[in-house]
Structure formats: structure tokens, C-alpha cells
Amino acid sequence: MSTQREMKERNPWHRPVTIIITVIGVIAIVTLVTVLVIQNRTIAQKYKYGIVLDAGSSHTSLYIYQWPAEKDNNTGRVEQKHHCQVAGKGISSYTATPYKAGESLISCLKEAKENIPQKMHPETPLYLGATAGMRLLKLENSSASDEVFKAVEKTLRGFPFSYQGARLLAGQEEGAFGWVTVNYLDDRLTQGLETTGALDLGGASTQISFVSDEYNGSESPDNAVSFRLYGYDYTLYTHSFLCYGKDQALRLALAHQTKSGPTAITDPCFHNGYNETRHYAAVYDSPCVSDQKPQIVSETFIHLGGGNFTQCQEVIKSIFNFTSCRYSRCSFNGIFQPPLQGQFGAFSAYFFVMNFLNLTDTSVPLKTVMQKLSDYCATPWTQIKKEHDIPLKYLAEYCFSGTYILTLMMEGYNFTSETYSSIKYIQKIKNSDAGWTLGYMLNLTNMIPAEAPDSPPLTYTSYVSVVTVMAILLFVIFILILYSLWPKFNTEPKII
Ligand SMILES: Nc1ccn([C@@H]2O[C@H](COP(=O)(O)OP(=O)(O)OP(=O)(O)O)[C@@H](O)[C@H]2O)c(=O)n1
Ligand SMILES: [Ca+2]
């Protein structure tokens, strides 16, 4: 009994002082870890913002981006916070009343004010980039395009943000920034991974951008864009085909079918039973087709549907020119294109159309995809109208658009049934829309450094874990030391 009591007395864990030390130690560790976590989280919650307006040919979209304030010059942290679709058509449609182009943007800009903390408004950069609709308007009527830009500038300056300009993007910029967006969001740039190509299909133009080992910019230098990003060099091949967005491509196809000025056509790209009267003036009212306008015999023609995928493919092939190529290889219309390489992300109308048609799965063999599209095109217009509740103008065009997408990819860009699966139809990557706007803002705010930034050797989680483990270890060592010294303390009173 006495030996047992002695052992109990010698065991420091039964002493109140040891218990107190242990409790204090545990409290200290908990406090240390809590302070570390809270301290870091408070800093991360402060955001900076940027606004980009995408003034496309068919409509305008406003995007708000946000990033942690302390990561200004760091990697991969910019994300889309908000998207607002401007009501009505694109700014290039307001030539008769340019001030309305400016007014059309007001409601989205008001939304932007609500979505960004007020004190951040003056330091939030605001950009507007216009694409193919305004490119065409400039070609057609350059003073009208100036008026539209003046009107939108006036509206943008009336908001409390830091206005950075409204300008026309070059086709190369549109393609290159779309590529930057996709690869930035996929975290490919910081790690120097093999990049993903970008395919963007708009209403008035379409872009293809990718890195090819066989392209260094010496052949057809106009198609080269060189970057140094995070310490890695890239020479990107990019081309923008004006008039080959899906709305202008439809005009090219209609122009091809109405060359002789008929009073009616049976268009294989529209469903059987489709019947619409169209004005020649409206179809040919675009610089993409205006020079092909036939000597009019009548003001209108009847647009009938034929619902035949194979014949539709033939019509669409005829809007591409494959005859001349002064380079080693071409896509179409005499434009150089190096061999396709790697994975591709296809966004904007590529996604809208293929998603509507339920054809976004590219692991399905191309033959099956074509068969499904062929069946869709052959479905009578009355049945299509019954099955879908969307505006008829859009509904009528999906057979054409789907066929156009496959023909552009296979005949135009030279994808094959084997490489078709390297394409992924995408709308968003990690909650941010794929498109040129994010890449444009990252570039103009210098948010992608040429050299890799110095990064802390540990990630945040590892840092907290290491500190926690070390704190516990120190505490245990402290207790062990205390324990090893205890017998001495314990025997002292006995000596006295
Ligand atoms: N949900 C949507 C949104 C758009 N569209 C159509 O897709 C095409 C392209 O849209 P978008 O990529 O927004 O083109 P824009 O940016 O307006 O045109 P561009 O890039 O050529 O200036 C247009 O015909 C548009 O009507 C669609 O079918 N479904
Ligand atoms: Ca676009």
C-alpha cells in the first residue's frame, strides 16, 4: 500500500501543479492556432475588383472580377464575382441612335455598383472591349462607329469607377486573351504545363488559338502572339475569322443560296415545314455579304426548310475557300494554320449550340454525333416547335448552327474523327466564364508577371500544420523535462 501511495505521489500527473501546467499548455496551443487561422483569414477577406464589358456583335455582357487584395501580383486567384447581361442587342446595332448604346449599359453598371463595396469604387478599373460587330461597323461606316464609342464612353465616365477606356479589340487580341483565360483558370500557366487551345465562336467572328511545337512565328508572323508568363515563354498561333461567327456565317450561307436572286429557296439547314419571308435588303445588310447582292428581281424571297444534314454540310462547305494556300498548310480562305496540337476548349456559341443539342460529350464517336444532328435536322418544324419553348428565331437556327460548328471544325480547322475527342465544350471553368474578358483584364492590370513570383515555401495549410505540430512537440518536451526533474522536487521535502 505504502509503495503504491509512494508511486502515486511520485507520479507528477497527479499533482495539481502538473494539471495546471497542462491546462495552461493546452490553452496556449489552442490560442496560438486560433490566432494564426483568424489572422490569415482576416487578410484574405479583403478583395479588389475589376470590371470588363464585353461588347459583342449580338449582345453586351458585364463581368466583375475579384481577387484577394494581398495577392495582387500572385498566381491564379482572380475569379468572376458577377455577370450581367445587357438587355437588347450589341452596341453596333445602335447606329441610328448612338446615345441608346450608352443607355443600354446603365442597368448593368448600377448592378456593378451594388456588387462592389462603395469604398472600392474609385479604385476599381472599368474596361470596355468591342469585338466583331464593331469591327464590321467600322468597315462599313467608321464615323458611325466613332459615335457609338463616344456614347458608351459618356455613360461609363458617369459611374464612380476608374474608367480605363472603351476600344476595339484586334482579332489577335480576342483570340490570345481567350487562350490566356482558359489556361489561367486551369492553372496551367504558373506550372508551365502543356497548354489548352481556345476555340471561340461569336456571332460575327470566330477565333482559334493554340500552341504548336511546329510554329515559332516565322511562317505567317501575323498569326503569332508571344508571351512570357510566370517565367515561361509561349508563342501562340491565333487567328480570328471575321464574318465566320455563326450569325454572319448564316448570311454567307443564305447569300450562297440566293446568288441568282430567286423568289424562294429550300434551305437544307432549316427544318421541313419552316417557311419565312425574308427581305433581300436585310440578308445582305452586312459587309460580309453586301458585295454578293444579286441584281434584285424581287424585294423578298421565301425561305423554306429542307431538313437535310448532308446537303446542309455541302452548303456550308461552299462558304469556305479551300483552293488557294500560299503557305505550307492552311485552314481555309488562304489562312496559314500549323498542325493542331493538344486539348482544346470550345466556348461561347460552341457551347450554347452543342449544349442545346445535347451533343457536348466529345467521347461519343463523331459518327454518332453526326447521326444525332442529322436526325435533329430531319425533325419537322412543327414537332421542334412543340418540343421547345424558346424564341422561334433562335430555335429555327440550331440545325444550321450545329452543322456549321462541325463543318468549321472538321473541314475548316482540320480536326479528324480521332482528334474530335480532344475538344471539350465548356462554358465555365471554376465558376468563371470562358472568354477573352478575364485575360484582357489580367493583362491590363499586369496581374500575370513575366517571371514566377517569389512564393512562400509552404502552402497556408502546411504552414499552420507545421506550427501546430511544433507547438505540441515543444509542450511535450517541456512536460517530459518537468517529469524527469520531478523525483528531485518530490524528495526534497523528505530530506528536510
Ligand atoms: N445563350 C445563348 C447566347 C448566345 N447565343 C448565340 O450565340 C451567338 C454568339 O454569341 P456570343 O458568343 O455572345 O457572340 P458575340 O460576343 O455577341 O459576338 P462576337 O464575339 O462575334 O462579337 C449569337 O448568335 C447568339 O445569338 C445562343 O445561341 N445562346
Ligand atoms: Ca464574343
So with a 6.0 Å cut-off around CD of E299, is the heavy-atom count from everything else above 12?
no
Once the angle between the rings of F241 and F332 is folded into 0 to 90°, is it parallel (under 30°), tilted (30 to 60°) or perpendicular (over 60°)? parallel
Check whether any side-chain N or O of D267 sits under 3.5 Å from a backbone N or O of L304 as a donor-acceptor pair, and report yes or no.
-> no
Test item: M410 and Q313 side chains (from C-beta on) under 4.5 Å apart, heavy atoms
no
Query raised in the report: With no hydrogens and no angle check, is any side-chain donor or acceptor of R188 less than 3.5 Å from a backbone partner on E194?
Result: yes
Note to self: In the structure I gave you, are the side-chain heavy atoms of I405 and L359 within less than 4.5 Å of one another anywhere?
What the structure shows: no
- Does the T235 side chain pair with the main chain of N216, one donor and one acceptor, at a distance under 3.5 Å? no
Minimal heavy-atom distance between K259 and Y284, with the atoms involved, is N-OH, 4.3 Å
Exercise. Considering only NZ, NE, NH1 and NH2 on the basic side and carboxylate oxygens on the acidic side, decide whether E103 and K100 come within less than 4.0 Å.
Key: no
On a heavy-atom basis, the closest approach of G305 and T266 is O-CG2, 3.9 Å
Compute whether any side-chain donor of one residue and acceptor of the other, for D222 and S220, lie under 3.5 angstrom apart. no
- Message: Determine whether a donor-acceptor pair (N or O, by modelled atom type, separation under 3.5 Å) exists between the side chain of S209 and the backbone of G175.
- Response: yes
message = For I265, is there any backbone N or O sitting under 3.5 Å from a side-chain donor or acceptor partner on Q257?
response = no
Original post:
Checking side chain to side chain contact (heavy atoms under 4.5 Å, CB included) for the pair I116/F161: CA distance, chi angles, key distance, verdict?
Top reply: CA-CA 10 Å; I116 298 172; F161 306 114; 4.2 Å; yes
Value for OG (S290) from CZ (R251), rounded to nearest 0.5 Å, stands at 10.0 Å
Separation between CG (L199) and CE (M409), nearest 0.5 Å, reads 5.5 Å
- Report the C-alpha separation of T362 and K424 in whole Å, then their side-chain angles, then the decisive distance to 0.1 Å, and conclude whether the side chain to side chain contact (heavy atoms under 4.5 Å, CB included) test is met. CA-CA 7 Å; T362 50; K424 297 279 168 290; 3.9 Å; yes
Is a donor on one side and an acceptor on the other found under 3.5 Å between the side chain of S298 and the backbone of T300? yes
*So with a 6.0 Å cut-off around CG of N431, is the heavy-atom count from everything else above 12?*
no
Sub-4.5 Å side-chain heavy-atom contact between V225 and W179: no
Taking every heavy atom of A151 against every heavy atom of P98, the minimum-distance pair comes out as CB-O, 3.2 Å
Just checking D375: does its CG atom have more than 12 heavy atoms from other residues, nucleotides or ligands closer to it than 6.0 angstrom? yes
For F415, does its backbone N or O pair with a side-chain atom of T419 as donor and acceptor, under 3.5 Å? no
What one should report as the nearest heavy-atom pair of K430 and L185 is NZ-O, 2.7 Å
- Query: Do Y184 and Y230 have side-chain heavy atoms sitting under 4.5 Å apart?
  - Reply: yes
Q) Would a distance-only check, ignoring hydrogens and angles, find a side-chain to backbone donor-acceptor pair under 3.5 Å from Q207 to G171? A) no
- Item | Backbone of N321 reached by a side-chain donor or acceptor of N333 within 3.5 Å | yes
Neighbour count >12 (heavy atoms, 6.0 Å) for atom NZ, K367:
no
Within the 3.5 Å criterion, strictly below it, is a donor on T437 or Y65 matched to an acceptor on the partner's side chain? yes
- prompt: Heavy atoms, side chains only, cut-off 4.5 Å: are L126 and L53 in contact?
  reply: yes
Aromatic ring pairing H271/W381, orientation class (parallel under 30°, perpendicular over 60°, tilted between): parallel
Quick check on K317: does its NZ atom have over 12 non-hydrogen neighbours (other residues, nucleotides or ligands) under 6.0 Å away? yes
For I91 and A55 the tightest heavy-atom approach is CD1-CB, 3.6 Å
Taking every heavy atom of A198 against every heavy atom of F344, the minimum-distance pair comes out as N-CD2, 4.2 Å
Ignoring hydrogens and angles, state whether a donor on the side chain of S348 or D200 is under 3.5 Å from an acceptor on the partner side chain.
-> yes
Less than 4.0 angstrom from a charged side-chain N to a carboxylate O is my criterion; do K110 and E114 meet it? no
To the nearest 0.5 Å, atom CG of L156 lies from atom CD1 of I106 at 10.0 Å
Can you confirm whether more than 12 heavy atoms, excluding those of E387, are under 6.0 Å from its CD atom? yes
query = So, S142 versus S145: side-chain donor-acceptor pair below 3.5 Å or not?
reply = no
| query | Parallel, tilted or perpendicular for Y404 and F400, by the 30°/60° rule? | reply | parallel
Open item on the list: Could you tell me if S143 and N141 have a donor-acceptor pair between their side chains, going purely by distance under 3.5 Å?
Closed with: yes
Next item on the list: Taking the six-membered ring for Trp and the full ring for Phe, Tyr or His, determine whether the centres of Y49 and H121 are under 6.0 Å apart.
Entry: no
Between the CG atom in N272 and the OH atom in Y274, the distance rounded to the nearest 0.5 Å is 13.5 Å
Step by step, would you call H388 with F356 a ring pair (Phe, Tyr, Trp, His ring centres under 6.0 Å)? CA-CA 10 Å; H388 303 276; F356 172 87; 4.8 Å; yes
Under 2.5 Å between SG of C377 and C312: no
d(E123 CD, S162 OG) to nearest 0.5 Å is 9.0 Å
Discussion item. Under 6.0 Å between ring centres: does that hold for H239 and Y237?
Written reply: no
Does a side chain donor of either Y234 or N183 reach within less than 3.5 Å of an acceptor in the other side chain? no
Is any side-chain heavy atom of N443 closer than 4.5 Å to one of V180? no
Value for NZ (K138) from CG (D146), rounded to nearest 0.5 Å, stands at 7.5 Å
- Task: Indicate yes or no: does E153 engage K150 in a salt bridge with an N to O separation below 4.0 Å.
- Result: no
Review point. Run the side chain to side chain contact (heavy atoms under 4.5 Å, CB included) check on Y376 and I384 step by step: do they pass?
Key: CA-CA 9 Å; Y376 176 78; I384 296 283; 3.4 Å; yes
field: Ring-ring centroid check F336 Y215, cutoff 6.0 Å
entry: yes
Margin query: Less than 2.5 angstrom apart at the SG atoms, yes or no, for C269 and C399?
Written below: no
query: Is the closest side-chain heavy-atom distance between L340 and I208 below 4.5 Å?
result: yes
| message | Please verify the inter-ring angle class for F320 with F322; under 30° counts as parallel, over 60° as perpendicular, anything in between as tilted. | response | tilted
Side chain to side chain contact (heavy atoms under 4.5 Å, CB included) for E79 and Q66? Distances and angles first, verdict last. CA-CA 6 Å; E79 59 184 12; Q66 68 173 23; 3.0 Å; yes
**Asked** Between the main-chain N or O of S107 and the side-chain N or O of E111, is there a donor-acceptor pair closer than 3.5 Å?
**Response** no
* Asked: Would a 4.5 Å heavy-atom cut-off, applied to side chains only, mark Y63 and K81 as touching?
  -> no
